[in-house]
Amino acid sequence: MGTTAIALAASVAIQNAVVIWAGAPGYGDPIKEVLAFHAEHRVAVAVAVGLEALNLPLLLGFLTGLHGLVERRGRAGADWSRLAVAAGATLSAVFALYAVLWNGVVLSAGEVAEPSPEFELAWQMHAAAFALALPALGTTLIGAALAAHASRLTPPWQRLLAVAGGSLLLAAGAANLAIADGSELLFVGMPGYAAWLVWLLATGIRLVRARTADRPDDASSSAEQG
(Lines give C-alpha, C1' and ligand atoms only; values in the text may rest on other atoms or scores of the structure.)
Protein backbone atom coordinates (compact mmCIF):
# COMPACT_ATOMS: atom_id res chain seq x y z
CA MET A 1 0.00 0.00 0.00
CA GLY A 2 2.89 2.34 0.72
CA THR A 3 4.31 1.70 -2.73
CA THR A 4 0.92 2.46 -4.27
CA ALA A 5 0.77 5.81 -2.45
CA ILE A 6 4.27 6.74 -3.64
CA ALA A 7 3.46 5.68 -7.21
CA LEU A 8 0.27 7.77 -7.18
CA ALA A 9 2.11 10.85 -5.88
CA ALA A 10 4.82 10.40 -8.52
CA SER A 11 2.30 9.93 -11.34
CA VAL A 12 0.32 13.04 -10.40
CA ALA A 13 3.54 15.05 -10.05
CA ILE A 14 4.74 13.94 -13.49
CA GLN A 15 1.33 14.68 -14.99
CA ASN A 16 1.41 18.25 -13.68
CA ALA A 17 5.05 18.71 -14.70
CA VAL A 18 4.16 17.77 -18.29
CA VAL A 19 1.31 20.27 -18.38
CA ILE A 20 3.42 23.06 -16.87
CA TRP A 21 6.38 22.30 -19.16
CA ALA A 22 4.12 22.51 -22.21
CA GLY A 23 2.83 25.90 -21.05
CA ALA A 24 -0.82 24.96 -20.76
CA PRO A 25 -3.23 27.91 -20.65
CA GLY A 26 -5.25 28.78 -17.58
CA TYR A 27 -9.03 28.63 -17.56
CA GLY A 28 -9.18 32.42 -17.62
CA ASP A 29 -6.91 32.84 -20.66
CA PRO A 30 -8.33 34.05 -24.00
CA ILE A 31 -10.05 31.24 -25.88
CA LYS A 32 -7.84 31.80 -28.94
CA GLU A 33 -4.77 30.98 -26.85
CA VAL A 34 -6.51 27.86 -25.58
CA LEU A 35 -7.23 26.76 -29.15
CA ALA A 36 -3.67 27.43 -30.30
CA PHE A 37 -2.17 25.49 -27.39
CA HIS A 38 -4.29 22.40 -27.95
CA ALA A 39 -3.69 22.45 -31.68
CA GLU A 40 0.09 22.53 -31.13
CA HIS A 41 0.51 20.35 -28.02
CA ARG A 42 -1.63 17.31 -28.67
CA VAL A 43 1.12 14.93 -27.50
CA ALA A 44 1.53 16.68 -24.14
CA VAL A 45 -2.21 16.48 -23.47
CA ALA A 46 -2.22 12.82 -24.57
CA VAL A 47 0.49 12.07 -21.98
CA ALA A 48 -1.41 13.92 -19.24
CA VAL A 49 -4.69 12.15 -20.05
CA GLY A 50 -2.88 8.82 -20.31
CA LEU A 51 -1.46 9.27 -16.82
CA GLU A 52 -4.98 9.96 -15.56
CA ALA A 53 -5.87 6.42 -16.64
CA LEU A 54 -3.05 5.22 -14.35
CA ASN A 55 -3.98 7.53 -11.47
CA LEU A 56 -7.51 6.17 -11.11
CA PRO A 57 -6.63 2.54 -10.24
CA LEU A 58 -3.74 3.71 -8.06
CA LEU A 59 -6.06 6.02 -6.11
CA LEU A 60 -8.77 3.40 -5.61
CA GLY A 61 -6.19 0.73 -4.78
CA PHE A 62 -4.59 2.91 -2.14
CA LEU A 63 -7.88 3.92 -0.52
CA THR A 64 -9.29 0.39 -0.38
CA GLY A 65 -5.95 -0.84 0.95
CA LEU A 66 -6.01 1.85 3.64
CA HIS A 67 -9.53 0.85 4.62
CA GLY A 68 -8.48 -2.78 4.93
CA LEU A 69 -5.47 -1.86 7.03
CA VAL A 70 -7.60 0.30 9.34
CA GLU A 71 -10.04 -2.61 9.75
CA ARG A 72 -7.20 -4.97 10.70
CA ARG A 73 -5.78 -2.52 13.24
CA GLY A 74 -8.87 -2.47 15.45
CA ARG A 75 -11.26 -0.43 13.29
CA ALA A 76 -10.21 2.92 14.80
CA GLY A 77 -10.97 5.44 12.09
CA ALA A 78 -13.03 2.95 10.04
CA ASP A 79 -15.80 5.49 9.43
CA TRP A 80 -13.27 7.99 8.13
CA SER A 81 -11.74 5.39 5.82
CA ARG A 82 -15.19 4.54 4.45
CA LEU A 83 -15.72 8.24 3.76
CA ALA A 84 -12.36 8.36 1.98
CA VAL A 85 -13.26 5.37 -0.22
CA ALA A 86 -16.64 6.88 -1.14
CA ALA A 87 -15.10 10.30 -1.86
CA GLY A 88 -12.30 8.64 -3.83
CA ALA A 89 -14.82 6.79 -6.00
CA THR A 90 -16.58 10.11 -6.67
CA LEU A 91 -13.24 11.77 -7.41
CA SER A 92 -12.36 9.02 -9.88
CA ALA A 93 -15.65 9.51 -11.72
CA VAL A 94 -15.19 13.28 -11.91
CA PHE A 95 -11.58 12.98 -13.08
CA ALA A 96 -12.69 10.49 -15.74
CA LEU A 97 -15.17 13.11 -17.00
CA TYR A 98 -12.41 15.74 -16.80
CA ALA A 99 -10.13 13.58 -18.96
CA VAL A 100 -12.85 12.80 -21.51
CA LEU A 101 -13.70 16.49 -21.88
CA TRP A 102 -10.01 17.31 -22.32
CA ASN A 103 -9.88 14.76 -25.13
CA GLY A 104 -12.84 16.53 -26.68
CA VAL A 105 -11.06 19.89 -26.46
CA VAL A 106 -7.96 18.50 -28.21
CA LEU A 107 -9.93 16.77 -30.95
CA SER A 108 -12.00 19.91 -31.57
CA ALA A 109 -8.87 22.06 -31.77
CA GLY A 110 -7.61 20.01 -34.69
CA GLU A 111 -10.74 20.64 -36.74
CA VAL A 112 -11.32 24.41 -36.46
CA ALA A 113 -9.26 27.47 -37.36
CA GLU A 114 -11.18 29.77 -35.04
CA PRO A 115 -12.75 29.02 -31.64
CA SER A 116 -16.32 27.81 -32.03
CA PRO A 117 -19.08 27.97 -29.42
CA GLU A 118 -18.82 24.17 -29.09
CA PHE A 119 -15.07 24.37 -28.46
CA GLU A 120 -15.51 27.06 -25.81
CA LEU A 121 -18.27 25.06 -24.13
CA ALA A 122 -16.08 21.93 -24.01
CA TRP A 123 -13.28 23.96 -22.43
CA GLN A 124 -15.61 25.47 -19.83
CA MET A 125 -17.02 22.04 -18.97
CA HIS A 126 -13.47 20.74 -18.64
CA ALA A 127 -12.77 23.57 -16.19
CA ALA A 128 -16.01 22.86 -14.31
CA ALA A 129 -15.10 19.18 -13.98
CA PHE A 130 -11.73 20.10 -12.47
CA ALA A 131 -13.40 22.53 -10.08
CA LEU A 132 -15.88 19.86 -9.01
CA ALA A 133 -13.00 17.44 -8.42
CA LEU A 134 -11.53 19.79 -5.79
CA PRO A 135 -14.12 19.18 -3.03
CA ALA A 136 -14.08 15.45 -3.79
CA LEU A 137 -10.31 15.49 -3.42
CA GLY A 138 -10.54 17.54 -0.22
CA THR A 139 -12.98 15.06 1.29
CA THR A 140 -10.77 12.15 0.22
CA LEU A 141 -7.71 13.77 1.77
CA ILE A 142 -9.39 14.60 5.08
CA GLY A 143 -11.04 11.19 5.39
CA ALA A 144 -7.88 9.24 4.56
CA ALA A 145 -5.71 11.36 6.85
CA LEU A 146 -8.05 11.10 9.83
CA ALA A 147 -8.41 7.35 9.32
CA ALA A 148 -4.65 6.87 9.13
CA HIS A 149 -4.06 9.03 12.19
CA ALA A 150 -6.75 7.25 14.24
CA SER A 151 -5.03 3.94 13.43
CA ARG A 152 -1.63 5.40 14.43
CA LEU A 153 -0.26 5.02 10.94
CA THR A 154 0.80 8.67 10.59
CA PRO A 155 2.09 11.42 12.92
CA PRO A 156 -0.02 14.42 14.03
CA TRP A 157 1.57 16.86 11.57
CA GLN A 158 0.17 14.89 8.63
CA ARG A 159 -3.34 15.15 10.06
CA LEU A 160 -2.98 18.92 10.43
CA LEU A 161 -1.60 19.22 6.89
CA ALA A 162 -4.47 17.19 5.47
CA VAL A 163 -7.23 19.04 7.32
CA ALA A 164 -5.82 22.43 6.30
CA GLY A 165 -5.23 21.36 2.70
CA GLY A 166 -8.57 19.60 2.42
CA SER A 167 -10.40 22.64 3.76
CA LEU A 168 -8.84 24.80 1.04
CA LEU A 169 -9.92 22.30 -1.61
CA LEU A 170 -13.48 22.33 -0.27
CA ALA A 171 -13.54 26.12 -0.24
CA ALA A 172 -12.26 26.35 -3.82
CA GLY A 173 -14.77 23.78 -5.02
CA ALA A 174 -17.63 25.92 -3.74
CA ALA A 175 -16.71 28.42 -6.48
CA ASN A 176 -17.35 25.85 -9.21
CA LEU A 177 -19.30 28.14 -11.51
CA ALA A 178 -16.83 31.00 -11.15
CA ILE A 179 -13.89 28.69 -11.92
CA ALA A 180 -15.66 27.34 -15.01
CA ASP A 181 -15.93 30.96 -16.13
CA GLY A 182 -12.18 31.49 -15.67
CA SER A 183 -12.02 32.86 -12.12
CA GLU A 184 -8.68 32.83 -10.31
CA LEU A 185 -10.45 31.42 -7.25
CA LEU A 186 -9.09 28.13 -8.57
CA PHE A 187 -5.74 29.03 -7.01
CA VAL A 188 -7.30 28.95 -3.53
CA GLY A 189 -7.29 25.18 -3.83
CA MET A 190 -3.78 24.76 -5.22
CA PRO A 191 -2.03 24.68 -1.79
CA GLY A 192 -4.50 21.93 -0.87
CA TYR A 193 -3.60 20.05 -4.05
CA ALA A 194 0.07 20.28 -3.06
CA ALA A 195 -0.81 19.12 0.47
CA TRP A 196 -2.43 16.00 -1.05
CA LEU A 197 0.81 15.10 -2.83
CA VAL A 198 2.94 15.74 0.26
CA TRP A 199 0.59 13.68 2.43
CA LEU A 200 0.57 10.81 -0.06
CA LEU A 201 4.34 10.74 -0.34
CA ALA A 202 4.93 11.01 3.41
CA THR A 203 2.35 8.31 4.14
CA GLY A 204 3.73 6.01 1.47
CA ILE A 205 7.30 6.32 2.76
CA ARG A 206 6.16 5.74 6.33
CA LEU A 207 4.21 2.60 5.39
CA VAL A 208 7.09 1.19 3.34
CA ARG A 209 9.52 1.78 6.21
CA ALA A 210 7.13 0.18 8.70
CA ARG A 211 6.78 -2.90 6.51
CA THR A 212 10.55 -3.15 6.07
CA ALA A 213 11.10 -2.85 9.82
CA ASP A 214 8.61 -5.67 10.48
CA ARG A 215 10.32 -8.15 8.16
CA PRO A 216 13.27 -9.13 10.40
CA ASP A 217 10.85 -9.99 13.24
CA ASP A 218 8.75 -12.06 10.85
CA ALA A 219 11.84 -13.87 9.65
CA SER A 220 13.01 -14.57 13.22
CA SER A 221 9.59 -15.92 14.20
CA SER A 222 9.58 -18.25 11.21
CA ALA A 223 13.05 -19.52 12.09
CA GLU A 224 12.06 -20.19 15.71
CA GLN A 225 8.96 -22.10 14.65
CA GLY A 226 11.03 -24.18 12.28
Side-chain angles (χ1 to χ4, degrees), residues 1-2 4-13 15-16 51-73 75-102 125-154 156-177 179-180 185-186 188-204 206-207:
M1 195 179 78
T4 302
I6 294 171
L8 176 58
S11 179
V12 174
Q15 182 185 45
N16 282 275
L51 286 172
E52 198 61 62
L54 174 63
N55 294 343
L56 298 186
L58 287 175
L59 172 65
L60 294 175
F62 168 70
L63 293 174
T64 53
L66 176 63
H67 179 64
L69 185 57
V70 168
E71 291 278 348
R72 291 193 297 273
R73 290 175 66 93
R75 299 178 59 84
D79 289 340
W80 288 114
S81 66
R82 291 191 193 96
L83 174 64
V85 171
T90 303
L91 176 63
S92 297
V94 176
F95 266 139
L97 176 62
Y98 161 86
V100 168
L101 289 169
W102 205 358
M125 291 181 66
H126 169 71
F130 185 78
L132 187 60
L134 297 180
L137 178 58
T139 305
T140 302
L141 174 56
I142 293 173
L146 293 179
H149 180 77
S151 296
R152 299 182 180 179
L153 295 171
T154 54
W157 72 264
Q158 286 188 232
R159 177 187 57 179
L160 296 175
L161 173 69
V163 171
S167 298
L168 289 174
L169 288 165
L170 290 169
N176 184 283
L177 179 60
I179 291 172
L185 287 172
L186 171 68
V188 172
M190 290 303 97
Y193 196 83
W196 163 243
L197 295 183
V198 172
W199 184 87
L200 267 181
L201 185 60
T203 300
R206 188 174 180 85
L207 291 174

Query raised in the report: For L177, does the CG atom have more than 12 heavy-atom neighbours from other residues, nucleotides or ligands under 6.0 Å away?
Result: no
Query raised in the report: Minimum heavy-atom separation for M1 to L69, with atom names?
Result: CE-CD2, 3.6 Å
**Report entry** Pairwise salt bridge (charged side-chain N to carboxylate O under 4.0 Å, His left out) hits with a residue in residues 127-137, at least two apart
**Finding:** none
Query raised in the report: Which is it for L153 and L66 under the side-chain contact (heavy atoms from CB on, under 4.5 Å) test, yes or no, and what are the steps along the way?
Result: CA-CA 10 Å; L153 295 171; L66 176 63; 3.9 Å; yes
Requested in this report: With side-chain contact (heavy atoms from CB on, under 4.5 Å) as the test, would you mind laying out the steps for I179 and F130 before giving the verdict?
Outcome: CA-CA 9 Å; I179 291 172; F130 185 78; 5.7 Å; no
Query raised in the report: Where do A144 and L63 come nearest, in terms of heavy atoms and distance?
Result: CB-CD2, 4.2 Å
Query - Shortest non-hydrogen contact from A195 toward G165 - result: CB-CA, 4.0 Å
Requested in this report: Apply side-chain contact (heavy atoms from CB on, under 4.5 Å) to M125 and list each qualifying residue two or more places apart in sequence or on a separate chain.
Outcome: L101, L121
Solution key, residues 166-173 side-chain donor-acceptor pairs under 3.5 Å, sequence neighbours excluded:
from : atom 1 : to   : atom 2 : distance (Å)
S167 : OG     : V163 : O      : 2.7

Report task. List in chain and number order the residues that pass side chain to side chain donor-acceptor pair (under 3.5 Å) with R206, two or more places apart in sequence or in another chain; answer none if no residue qualifies. Result -> none
**Report entry** Test side-chain contact (heavy atoms from CB on, under 4.5 Å) applied to L132 - qualifying residues, sequence neighbours left out
**Finding:** V94, N176
Query raised in the report: Restricting to pairs with a member in residues 129-152, which pass salt bridge (charged side-chain N to carboxylate O under 4.0 Å, His left out), not counting sequence neighbours?
Result: none
Requested in this report: Would you list the pairs meeting side chain to side chain donor-acceptor pair (under 3.5 Å) in which at least one residue belongs to residues 126-138, sequence neighbours left out?
Outcome: Y27-H126
Query raised in the report: Can you name the ring pair (Phe, Tyr, Trp, His ring centres under 6.0 Å) partners of F95, sequence neighbours left out?
Result: Y98
Requested in this report: Supply the atom-to-atom distance L59 CG to T64 OG1, rounded to the nearest 0.5 angstrom.
Outcome: 9.0 Å
Report task. Would you sort out whether L134 and L186 count as a side-chain contact (heavy atoms from CB on, under 4.5 Å), showing the intermediate values? Result -> CA-CA 9 Å; L134 297 180; L186 171 68; 4.0 Å; yes
Query - All side-chain contact (heavy atoms from CB on, under 4.5 Å) counterparts of R82, not counting sequence neighbours - result: H67, E71, R75, A78, D79
Query raised in the report: Stepwise, does the side-chain contact (heavy atoms from CB on, under 4.5 Å) test hold for T139 with T90?
Result: CA-CA 10 Å; T139 305; T90 303; over 6 Å; no
Query raised in the report: Which distance, rounded to the nearest 0.5 Å, do you find between the OG of S11 and the CD1 of I6?
Result: 13.5 Å
Query raised in the report: Would you say R159's side chain and H149's backbone share a donor-acceptor pair under 3.5 angstrom?
Result: no
Report summary line: Across all chains, not counting sequence neighbours, the side-chain contact (heavy atoms from CB on, under 4.5 Å) partners of A7 are L58
Query raised in the report: Where do L137 and Y193 come nearest, in terms of heavy atoms and distance?
Result: CD2-CD1, 3.6 Å
Requested in this report: Could you tell me which residues satisfy side chain to side chain donor-acceptor pair (under 3.5 Å) with T203, sequence neighbours excluded, listed by chain and number?
Outcome: Q158
**Report entry** Matching residue for N55 among V12, L60, L91 - test: side chain to side chain contact (heavy atoms under 4.5 Å, CB included)
**Finding:** V12
Query raised in the report: In chain order, what residues pass the side chain to side chain donor-acceptor pair (under 3.5 Å) check against W80, with sequence neighbours excluded?
Result: none
Requested in this report: Return the minimal non-hydrogen interatomic distance between A180 and A128, and the atom names on each side.
Outcome: CB-CB, 3.7 Å
Query raised in the report: How far apart are the closest heavy atoms of A147 and V70, and which atoms are they?
Result: O-CG2, 4.0 Å
Query raised in the report: In Å and rounded to the nearest 0.5 Å, what is the CG to CH2 distance from L161 to W199?
Result: 10.0 Å
